[in-house]
Number of protein chains: 2
Amino acid sequence: MKVTISDIAKAANVAKSTVSKVLNDSPKISRETKLRVRQIMKEMNYTPSSIATGLARQSSYNIGLLVDMSKGSEFLNQFFYNIIGGIESVIGSLKYELTIANVQHSSPEDHFLNRLVHSKRVDGIIANNSVLTEALAAELDRLQFPYIAIGEIPAPGSWVDFDNELGGRMLTQHLLTQRYSSIAFIGGQRDEKIFTRRYNGYAQALEQSGLTASQDRIINGKADEHEGYRAALTLLQNPDRPDAIVCMTNYAAFGALQAARELGINVPAELGIAAFDEYPLSRYTTPPLTSLNIDTFKLGVSSGHLLMERISGGSGLPSRHLLLEPELILRESTTRN
Amino acid sequence: MKVTISDIAKAANVAKSTVSKVLNDSPKISRETKLRVRQIMKEMNYTPSSIATGLARQSSYNIGLLVDMSKGSEFLNQFFYNIIGGIESVIGSLKYELTIANVQHSSPEDHFLNRLVHSKRVDGIIANNSVLTEALAAELDRLQFPYIAIGEIPAPGSWVDFDNELGGRMLTQHLLTQRYSSIAFIGGQRDEKIFTRRYNGYAQALEQSGLTASQDRIINGKADEHEGYRAALTLLQNPDRPDAIVCMTNYAAFGALQAARELGINVPAELGIAAFDEYPLSRYTTPPLTSLNIDTFKLGVSSGHLLMERISGGSGLPSRHLLLEPELILRESTTRN
DNA sequence: TTGTACGCGTTATCAA
DNA sequence: TTGATAACGCGTACAA
């Protein structure tokens, strides 16, 4: 049933090595031989075994995407499909396949370093920065194994991320342009890098307009609808309440909208609300939310490119960082006319 | 740098075959030998090459998930992460990895049948029924290659799906229980199996209550917010308007809610609205939507199990079908008190 | 219980 | 331009 390179060689009356060269389109094979052998391959319906090729070439033609399926990894969860699509679009055309692996390991022998790296199941790795810890990155560096992080990681790792600082500036500047002047910021934990980045952008935009970020306008916490609601309530019940809020997520913004509605505060007339992420709610709230869209497909594409660069470029390459620009989507929640 | 089975054998003063047997925990190796060899494997940081193992065993220990990244495959898109998690949870513990492959192929040689099946990159396939066409299924059957469809496909294919008919009954029966008596159905195309199933469930529930489904209560179309809005508007502007609507998707339901709001029709008092799917909007509409939740992780688990069953069970197995039960989530949009 | 020898399907290195 | 043969790393009869 299964036809191998030897069968083709026999049928074509040539040596295995000749068939192999035809497969790889070697320049040192005559035109006629190539055509004849290829013809026979069609006829016999031959496809080379990727496993045997991999063994001979010492490469799996496979790249791994690491995920932590245990903690509902909020970020990846939403954009998984797009990121995968992006990665696939670049590695696929280079004849690589994508293997998804869960980092949850029961026994130490099941650790992905063994399952994927040491066993040579993949030639390179892409992983979220929450998965790619500093210790792991160090180990991969030691092994000179190619990897790219999605999200910023410490040197000397290479990574791709969205420009969160720029995002913070964009949202805040937009609110200022719409004549909001007292802008609050809700959601996110102080010790998260992503909060720091976004907050810095927010503060920069304020400063550029001669304003300063005051700490009682900042409320940290889990960026879901409940905390968003509570945070907004706290801010809005203050007599000196803000006239705009930048929210870490669209869920937090949803909570803020609820709070405003309950307090009879009109959005956008009396209060502007802008959120960092677009999916999945921003289009569907009342009023619809002004938010920042991120091109997650492109995130996949970029990480794929960077990884392939490292795989083919050897281990001497300097580390690289890529910041992708978010896009501002204007909607009713900040449209004052 | 790389340590092979021969290195271990040399270091342990045994034959390669002995090391191999230790690796596979063969019962015909003495306790002491095993311990000693294993000790050395630890010390030398040895992990067997999955490629070499695969070649020797004629199996890749890899299963493929096929997706069509081109058309934003509405269904998979949303639940990709959960489905993958489900599949991974069952195949991962069996030492299999998951390869994601895009069925979009530029050249015929890039067709996944070559890239994955003929080249033996994967030992089995899971795919959405929109990808796994009848022709493809027939070809896989001919090759005796194990596969499972997510979503119903014609015999003799094996598949896993949600019980859409049951879902239609559940939503409709619930509405009847809430004393709604004139129930409409919007969204979905006549020629889609999924519409037929759901509609049949709806019609069955009506019949069981002595009612009949009348065709002017059914509006077909794309199940997004625009069509949902238009359909609801049409229904609700009729003097003989329905007092409840079953919607094919939460997006269509979102549109229906909009229409009701514009017409000043109170939901749930004057109009009950229930939707088939829970994510991502149903929790966040005003009022929140009663909807059907589907356990997509379980969908992944089931398809994984069925596939492994076929892989290990040989090719003589009869085809199997699995229907998963949806879960009714009660919310304000149908709560009449 | 352990070891020898060969096979798995391909690539790579030389000769011819 | 083509061919013989040795890797690649592991599994497995079969023999010892």
Side-chain angles (χ1 to χ4, degrees), chain A residues 1-38 40-41 44-62 95 114-123, chain B residues 1-38 40-41 44-62 95 114-123:
Chain A
M1 199 56 223
K2 58 192 154 191
V3 30
T4 77
I5 200 175
S6 306
D7 300 326
I8 302 296
K10 226 163 289 173
N13 247 313
V14 295
K16 288 197 312 185
S17 54
T18 304
V19 179
S20 174
K21 282 162 195 156
V22 172
L23 275 177
N24 298 291
D25 202 20
S26 161
K28 31 175 69 177
I29 294 290
S30 72
R31 191 160 205 67
E32 305 83 48
T33 312
K34 276 187 187 173
L35 289 176
R36 190 162 51 87
V37 172
R38 286 202 181 112
I40 298 199
M41 296 193 311
M44 302 185 63
N45 216 303
Y46 167 70
T47 305
S49 154
S50 65
I51 306 184
T53 306
L55 182 59
R57 287 223 181 114
Q58 294 289 72
S59 146
S60 64
Y61 276 68
N62 222 286
K95 306 288 181 197
N114 284 315
R115 272 186 25 231
L116 298 184
V117 179
H118 291 142
S119 71
K120 302 203 171 303
R121 263 186 121 97
V122 300
D123 297 344
Chain B
M1 198 61 221
K2 57 193 156 191
V3 31
T4 77
I5 200 173
S6 305
D7 300 326
I8 302 297
K10 227 164 287 174
N13 247 315
V14 295
K16 289 196 314 184
S17 59
T18 305
V19 180
S20 174
K21 281 163 194 154
V22 172
L23 275 176
N24 299 291
D25 202 21
S26 159
K28 27 175 72 177
I29 295 289
S30 73
R31 189 160 208 66
E32 305 85 44
T33 311
K34 277 187 186 174
L35 288 177
R36 190 162 52 86
V37 173
R38 287 203 179 111
I40 298 197
M41 297 194 311
M44 303 187 60
N45 213 305
Y46 169 71
T47 306
S49 154
S50 63
I51 305 185
T53 307
L55 184 58
R57 289 223 179 111
Q58 292 290 71
S59 143
S60 63
Y61 275 70
N62 221 288
K95 306 289 181 196
N114 283 314
R115 274 187 22 235
L116 298 184
V117 179
H118 291 142
S119 72
K120 303 203 172 300
R121 263 186 121 95
V122 299
D123 296 343

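Letters A, B, ... mirror the listed sequences (proteins, then strands); counts begin at 1. Every value quoted in this text rests on a predicted model; they were computed, and no experiment measured them.
- Under a 4.0 Å N-O distance rule, the pair A/Asp7/A/Lys2 does not qualify as a salt bridge.
- The residues A/Arg57 and A/Asp123 are annotated as not salt-bridged, no charged nitrogen and carboxylate oxygen being separated by less than 4.0 angstrom.
- A side chain to side chain contact (heavy atoms under 4.5 Å, CB included) with B/Val19 is found for exactly one of B/Ile29, B/Val37, B/Thr4, namely B/Val37.
- The side chain of A/Thr33 sits closest to D/dT1 out of D/dC10, C/dT1, D/dT1.
- Here the side chain of B/Lys10 pairs no donor or acceptor atom with the backbone of B/Lys16 at under 3.5 angstrom.
- Note: CG (A/Asn24) to P (C/dG9) measures 18 Å, nearest angstrom.
- For B/Lys21 and B/Ala52, each mapped to the nucleotide of DNA chain C holding its nearest heavy atom, the one lying further toward the 5' end belongs to B/Lys21.
- Residue B/Gln58 places at least one side-chain N or O closer than 4.0 Å to OP1 or OP2 of C/dG9.
- Atoms CG (A/Leu23) and P (C/dA12) sit 12 Å apart, rounded to a whole Å.
- As judged by a 4.0 angstrom heavy-atom cut-off over every strand, A/Ser20 is placed among the base-contacting residues.
- For the pair A/Ile51 CD1 and C/dT10 P, the computed distance is 11 Å after rounding to whole Å.
- Atom-to-atom, NZ of B/Lys10 to P of C/dT2 comes out at 20 Å; the value is rounded to the nearest Å.
- Nucleic acid contact for A/Ser6: none, since no nucleic acid atom lies under 4.0 Å from a heavy atom of the residue.
- Residue B/Tyr61 places none of its side-chain N or O atoms closer than 4.0 Å to OP1 or OP2 of D/dC10.
- Side-chain polar atoms of B/Thr33 and B/Ser30 form a donor-acceptor pair below 3.5 angstrom.
- Rounded to an integer number of Å, the gap from A/Asp25 CG to D/dT1 P is 13 Å.
- For A/Thr4, whose side chain is taken as the heavy atoms from C-beta onward, the closest listed nucleotide among D/dT1, C/dG3, C/dT10 is C/dT10.
- Distance CD (A/Glu32) to P (D/dT1): 9 Å, rounded to an integer number of Å.
- Looking at heavy-atom distances under 4.0 Å, B/Thr53 makes contact with sugar-phosphate atoms alone, never a base.
- Annotation: of the two residues near DNA chain D, A/Lys16 and A/Arg36, the 5′-most nearest-nucleotide partner is A/Arg36.
- Using a 4.0 Å heavy-atom criterion, one finds that B/Val19 contacts no nucleic acid atom at all.
- Nearest-nucleotide positions on DNA chain C for B/Thr18 and B/Arg57 put B/Thr18 closer to the 5' end.
- When atom types are taken as modelled, the side chain of A/Arg121 and the backbone of B/Ser50 share no donor-acceptor pair closer than 3.5 angstrom.
- Going from atom NE2 of A/His118 over to atom C1' of D/dG9 covers 17 Å, rounded to whole Å.
- Side-chain atoms of B/Leu55 lie closest to C/dG9 of the nucleotides C/dG9, C/dT1, D/dT2.
- Across the protein-nucleic acid pair, A/Ile29 atom CD1 and C/dT11 atom C1' stand 13 Å apart, rounded to whole Å.
- Residue B/Ser17 is classed as a base contact, given a heavy-atom separation below 4.0 Å to a base.
- Using a 4.0 Å heavy-atom distance criterion, A/Asp7 is classed as making no nucleic acid contact.
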